[in-house]
Asker: 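Sharing a structure, written as structure tokens. Questions coming.
We name chains A, B, ... by the order of the sequence lines, and we start the count at 1 in each one.
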Amino acid sequence: MKQFAFLVRRDLSLAFRQGMDSMMVVVFFVIAVVLFPLGVGPEPSTLARISSGVIWVAALLSAMLSLERLFQTDYEDGSLELLALSSLPLEVTVLAKVTAHWITTGLPLIVAAPVLAVLMQMESEGFLILIVALLLGTPSLSLIGAVGAALILGSRRGGVLLSLLVLPLYIPVLIFGVSAVDGAIGGYEFKAQLLILGGFFIGSLALTPWAGAAGLRQALE
Amino acid sequence: MFQGKDLICIRGERLVFTGLGFSVSPGGALVLIGPNGSGKSSLLRMMAGLLKPAAGKMEWNGENALDDFDEHASNLHYVGHHDAVKPVLSVLENVRFWAGVRGAEIDDKNILTALDAFDSKHLADIPGRFLSAGQKRRVNLARIIAAPAPLWLLDEPTTALDRASISLLDKAIKRHREGGGIVVLSTHADIDIEAATILDISDYSLKKIKQGAA
Amino acid sequence: MADLHRFANPTRFLKLAGLIQPWALAVFLISATVGLYMAFFTAPADYQQGESARIMYVHVPASWMSMFCYTVMAVASAVSLIWKHPLADVSARATAPIGAAFTFLALATGSLWGKPMWGTWWVWDARLTSVLVLLFLHIGYMALQGAFDDRVRAAKASAILALVGFVNVPIIKFSVDWWNTLHQPASVVKMSGSSIHPSMLWPLLIMAIAFKAYYVWVLLVRMRQELVANKVRILRLKQVHGG
């Protein structure tokens, strides 16, 4: 546990000193959402109708984009070998890196989301549930994405390949994330969707570290 | 006592070496030689547990080393081709991290002593991105002194090092062996290890074995 | 040396494959002929959808096959990861493009079926959407297989992906179904086993057999070709490295 915290702290301080990474994810998130009013027109009712979907899709894409580098630099400079040889089980290492990754990219997305919801004319009833749904959903995105990030290490086409592997697996989070927000806005049921999102999170918390560690092991061979 | 028996290494779809065995006692050193592609790095990675042998046994003090990866990893230090020095962390922070992640007591005094053994104490506050290749290698070598482990696996440790640094490495290896440690290293000569066993890996390639049989 | 099974010539498999292959082809040709004849001439036209519903006899078995192929890939991947059997690798790799082709066929026929029914080529019906996601999973698997220079690395990475994907398939299916009921779809493909008339069920089952036989036939062709390609690659490697 001490070493887990130690590894998370190291990744956080790396991210803060490099600085740009989390900034860029948020900027991408904002730009991707802003393109929609420019694409479909500024009419408030149209924007409000699609707001939850657009914000979720943009969040999915931003989470996915930032994942490519999750293991890449450690793989290239030899750190990953040493991490594999540390006293920490590789599954825990994966979990620690995902935790740090989520803090540096997932959290900023959640902070930016309400601002984008205003830009997209989302009804205010949806704001709170949007944040709760993102809080429950984005960790699953980071966890699932970590498996993909481990599998593509050393491959010929990293980023595009990662999106091909990971985006189809993001579909359930997207569906329930959007529908929770729409439910809250329309005055329908939304607790079930949030519970299912929480279930996805627990499920991926239990399973993806194994798959991710298996992916890293075969990448290191 | 660290030993391997009948090890077979397959990389990609190529048989690199077969029937390879080795044995090093505490205080001993094993020097791996052989031409490019003969499998020096593969054997070292295998000894570290990063690469699984297609067949064969490996034992550490009589216990199966292939059984429990984490247990085996805590007994060894591995220095590969990359130095794992993060550009945005200072030298001290880099070494402190690698010592800490092994669960060693993090005392900056120990780290500075380790850095001093490779004449790098003055670099302690310099961020990794300003270091030359040789300085990075020295930091990486200081890392393995900072948190002690009985088995050192060094893959061409002299790469990028100048004469003076090589003699520092010599001394470090000597001290390590005097304390009962084991060193396995691969090299293209240029380091002088006393009383070392030499293992020529190309003796275990399929070609050599066929020639021997004929 | 038994340990070098990767290098060993899987002679027994090749022999067996040579024996089965013509039979698989024969079963495919016969059942496809009979199945298509029944589909066109003996099966009744749907009382609502008319003649166009006959495309069901291709669409439904194709979508069954798309799931079947992904299951085969996942099982073969598990076998190759756990027991390291080299033939498991080869069969998973050889199945992927066949599965993708069946999945695409299911989508194309679904779209053709939809046109007279809904008046558009595509409707976000739960079934079609699930099949579409399955196509993405197949393509992702094939892309990962092709992304590494090292064959062994490619096989291991894509085996892990196939297993992760397989665990996700029911979750995706559940989500898509749920999403679909939420948005009130117009589904034509309601296939409840009890209500279907035997005159429609028989051609459907015979077509399913035809597709399975076709799969076995193409799989064997691809596996034999793959094994020969492996031999060539190993000879090349020997040229480079000696030995």
Asker: Above 12 or not: heavy atoms from other molecules or residues under 6.0 Å from CZ of Phe13(C)?
Answerer: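 Counting other residues, nucleotides and ligands, CZ of Phe13(C) exceeds 12 neighbours.
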
Asker: Between Asn168(C), Leu163(C), Val169(C), which has the largest tally of heavy atom pairs under 4.5 Å with chain A?
Answerer: Asn168(C)

Asker: So do the side chains of Phe200(A) and Ile171(C) get within less than 4.5 Å of each other, counting heavy atoms only?
Answerer: yes

Asker: Output the option from Leu161(C), Asp150(C), Val164(C) having the highest count of non-hydrogen pairs under 4.5 Å with chain A.
Answerer: Leu161(C)

Asker: Indicate the ring-plane relationship of Phe176(A) and Phe174(C), choosing parallel, tilted or perpendicular according to the 30° and 60° boundaries.
Answerer: parallel

Asker: Which one, Ile144(A), Val173(A), Leu169(A), leads in non-hydrogen pairs under 4.5 Å with chain C?
Answerer: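 When all of Ile144(A), Val173(A), Leu169(A) are compared, Leu169(A) has the most.
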
Asker: Please flag which part of Glu189(A) lies under 4.5 Å from any non-hydrogen atom of chain C: side chain, backbone, both or neither.
Answerer: neither

Asker: Checking Ala219(A) against chain C: side chain, backbone, both or neither under 4.5 Å from a heavy atom?
Answerer: both

Asker: Could you give the distance from CD1 (Ile171(A)) to CG (Leu132(C)), rounded to the nearest 0.5 Å?
Answerer: 8.0 Å

Asker: Return the CG to CZ distance between Leu153(A) and Phe148(C), rounded to the nearest 0.5 Å.
Answerer: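 Spacing of CG (Leu153(A)) from CZ (Phe148(C)) equals 8.0 Å.
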
Asker: Any donor and acceptor pair, going by atom type alone, linking the side chain of Arg156(A) with main-chain N or O of Gly146(C) inside 3.5 Å?
Answerer: yes

Asker: What part of Asp149(C) lies closer than 4.5 angstrom to a heavy atom of chain A: side chain, backbone, both or neither?
Answerer: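 Both backbone and side chain.
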
Asker: Highest number of heavy-atom pairs under 4.5 Å with chain A: which of Gly165(C), Gly140(C), Ala154(C)?
Answerer: Gly140(C)

Asker: For the atom pair OG (Ser175(C)) and CD1 (Ile196(A)), what is the distance rounded to the nearest 0.5 Å?
Answerer: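 Here the rounded value is 8.0 Å.
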
Asker: Please classify the contact between Val176(C) and chain A as side chain, backbone, both or neither, with a heavy-atom cut-off of under 4.5 Å.
Answerer: both

Asker: Say you draw a straight line from CG of Leu151(A) to CZ of Arg153(C); how long is it, rounded to the nearest 0.5 Å?
Answerer: 8.0 Å

Asker: Would you give the length of the straight line joining atom CD1 of Ile160(C) to atom CG of Leu165(A), rounded to the nearest 0.5 angstrom?
Answerer: 12.0 Å

Asker: Flag the one option from Val178(A), Leu207(A), Ile175(A) with the top tally of heavy-atom pairs under 4.5 Å to chain C.
Answerer: Ile175(A)

Asker: What part of Leu161(A) gets within 4.5 angstrom of chain C, counting heavy atoms only: side chain, backbone, both, or neither?
Answerer: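 When you check distances to chain C, only side chain atoms of Leu161(A) fall under 4.5 Å.
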
Asker: Mark yes when over 12 heavy atoms from residues, nucleotides or ligands other than Trp217(C) sit less than 6.0 Å from its CH2; otherwise mark no.
Answerer: no

